[in-house]
2 protein chains.
Amino acid sequence: MTLVQPSDSEPGKAGSAIAFQLDPASGVPTFLQLVQQVEHALRLGYLTTGDQLPKVRDVVADLAINPNTVMKAYRELEHKGLASGRPGQGTFVTGTLSQAGLPEIAGLRRALQRWLVDSANAGLDEDGMVALFSSTLRDFRERGAAAESRAARSAPREVGGGVA
Amino acid sequence: MTLVQPSDSEPGKAGSAIAFQLDPASGVPTFLQLVQQVEHALRLGYLTTGDQLPKVRDVVADLAINPNTVMKAYRELEHKGLASGRPGQGTFVTGTLSQAGLPEIAGLRRALQRWLVDSANAGLDEDGMVALFSSTLRDFRERGAAAESRAARSAPREVGGGVA
DNA sequence: ACCGTTGTACTATGACACTAGTACAACCGA
DNA sequence: TCGGTTGTACTAGTGTCATAGTACAACGGT
């Protein structure tokens, strides 16, 4: 034991740290799940420059995975310019991905919560909701692409999706 | 050349066949993406007993993947009792997963479409929408679990997620 | 200066996903 | 019955993911 006593919101953690969570059934590689969760938090503004990510050894203990796996995730984030490790201190966010304002996101989130409740009331389970979201999003993407190809005769546009 | 001429809706395909689509960036194994897409279509009632799945060789040609990979997906579906291969004919749906009525789903889908439009108007890109959905769903799951653990003192319940 | 914390590097090993290539089996229609 | 279509089986090889285990480097506080 040292000086830190574990609790729900551990002391010594700067900013709002996120809590990683794994979904073994998803088929997504562990290290990628970590990367994606950080990116999601960055997109939604739940994490910003200066915030600390969970310490490698903490993640290892919480998720029962190998340090190398956590390192692979953090290295990927560093490579994308989103985080940086500081030996002796921790790993910290160095970039951001937020695109919409926090209030807008909060509103969208509430609307989505209502939709989830409606879905549950309609008899859908969680997998069903995911299925419907995936399907609707795919449609949305295709419609958008179709609309663009209709309008882009003279204004070609890049559609690449990297984080750059 | 044989008798079939490729077009947008190929002749010779019974029922409503689904069109597979891969997302290389997702990290999800190819064969699992195929399985999940069929399961999603089954959940939403877009595919039902008797419908034909894309022929192995068609999938191979369309997605530029190996027959073994498609077979792995179809074998998994067969193992779950959802599909069955008939040499010389194709692979057909043998089970269903739909839980809510088609009209309910259509309504939920429209609501979700509106939400996607709103999100786009708020400045969110597709990744942002996925991020917000994932985050909100995770909350939803935790809230539900909390509500259950509050009410389930005397009525324990299974939460397993398999397709059985 | 020392010690503990934290990030980082390295090798080796097992499991899994995907591929290439070949061959065979079941079914349908002419 | 024959030929084409389709599903299926098999082997072998490659790359990635995750693991265990060990060791080192950078930083802060006392």
Side-chain angles (χ1 to χ4, degrees), chain A residues 1-6 10-14 17 20 22-36 38 52-79 82-94, chain B residues 1-6 10-14 17 20 22-36 38 52-79 82-94:
Chain A
M1 307 272 192
T2 57
L3 297 176
V4 283
Q5 75 280 20
E10 309 208 9
K13 291 195 177 178
F20 289 124
L22 291 182
D23 178 9
S26 68
V28 181
T30 306
F31 86 96
L32 249 187
Q33 292 192 41
L34 302 185
V35 172
Q36 288 170 358
V38 172
Q52 182 176 21
L53 296 183
K55 292 174 237 179
V56 175
R57 287 166 171 81
D58 282 357
V59 180
V60 167
D62 291 353
L63 305 182
I65 59 179
N66 197 282
N68 296 323
T69 305
V70 184
M71 273 310 300
K72 188 167 189 177
Y74 282 7
R75 208 179 308 130
E76 181 95 9
L77 289 170
E78 178 146 27
H79 180 254
L82 298 177
S84 175
R86 297 203 282 263
Q89 292 181 262
T91 305
F92 299 84
V93 175
T94 60
Chain B
M1 307 278 186
T2 57
L3 297 176
V4 284
Q5 74 281 17
E10 309 207 10
K13 290 196 177 177
F20 289 124
L22 292 181
D23 178 9
S26 69
V28 181
T30 307
F31 85 97
L32 249 187
Q33 292 192 41
L34 302 185
V35 171
Q36 288 171 357
V38 172
Q52 182 175 22
L53 297 183
K55 293 175 239 180
V56 175
R57 286 167 173 79
D58 282 357
V59 180
V60 167
D62 291 354
L63 304 182
I65 59 179
N66 198 279
N68 296 322
T69 305
V70 184
M71 274 309 302
K72 188 168 186 175
Y74 282 8
R75 206 179 309 132
E76 181 95 9
L77 289 170
E78 178 148 26
H79 181 253
L82 299 177
S84 175
R86 296 203 283 262
Q89 292 181 264
T91 305
F92 299 84
V93 176
T94 61

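Per chain, numbering begins at 1; letters A, B, ... match sequence-line order. What's counted below: heavy atoms across the whole structure, side chains too, no hydrogens, waters or symmetry copies.
Within the 4.0 angstrom heavy-atom criterion, no nucleotide atom of any strand lies near L32(B). Within the nucleic acid shown, Q33(A) has no heavy atom closer than 4.0 Å to any nucleic acid atom. Nucleic acid contact class of Y74(B) (heavy atoms, under 4.0 Å, all strands): none.
Q89(A) has its CD atom 14 Å from the C1' atom of dG4(C), to the nearest Å. Atom CD in E78(B) sits about 12 Å away from atom P in dG7(D), given to the nearest Å. Protein atom CG of N68(A) is 10 Å distant from nucleotide atom P of dA20(D), rounded to whole Å. Rounded to whole Å, atom C1' of dT19(D) lies 15 Å from atom CG of L63(A). Distance, R75(A) CZ to dA18(D) P: 12 Å, rounded to whole Å. The distance from atom CZ of F92(B) to atom P of dG7(D) is 8 Å, rounded to the nearest whole Å. When the C1' atom of dC27(C) is taken as reference, atom NZ of K55(B) falls 13 Å away, rounded to whole Å. If you take CG of L22(A) and P of dC17(D), they are 15 Å apart, rounded to a whole angstrom.
Looking at the side chain of P87(B), the nearest of the listed nucleotides dG7(D), dG21(D), dC17(D) is dG7(D). The side chain of R57(A) lies closest to dT8(C), out of dG21(D), dA17(C), dT8(C). Here dA17(C) is the nucleotide among dC17(D), dT6(C), dA17(C) with the atom lying nearest to any side-chain atom of F31(B). Comparing dA18(D), dT6(C), dT8(C) by their nearest atom to the side chain of T30(A) picks out dA18(D). Side-chain proximity of M71(B) to the nucleotides dT8(D), dT19(D), dA17(C) is greatest for dT8(D).
Residue T91(A) holds its OG1 atom at 9.0 Å from CG of L77(A), rounded to the nearest 0.5 Å.
Residues N66(A) and V60(A) approach most closely at C-CG2, 4.1 Å, considering heavy atoms.
In this structure, T69(B) does not reach the dC18(C) phosphate: none of its side-chain N or O atoms is under 4.0 Å from OP1 or OP2. Contact check, K72(A) against dA18(D): no side-chain N or O comes under 4.0 Å of OP1 or OP2.
Two residues are said to be in side-chain contact when any heavy atoms from C-beta on lie closer than 4.5 Å; T30(B) and V70(B) fail this criterion. Counting heavy atoms from C-beta outward, L82(A) and V38(A) have side chains that stay 4.5 Å or more apart.
Residue whose closest nucleotide on DNA chain D sits further toward the 5' end, between N66(A) and T91(B): T91(B).
Listed for the Q33(A) side chain is a donor-acceptor partner under 3.5 Å among the backbone atoms of D23(A).
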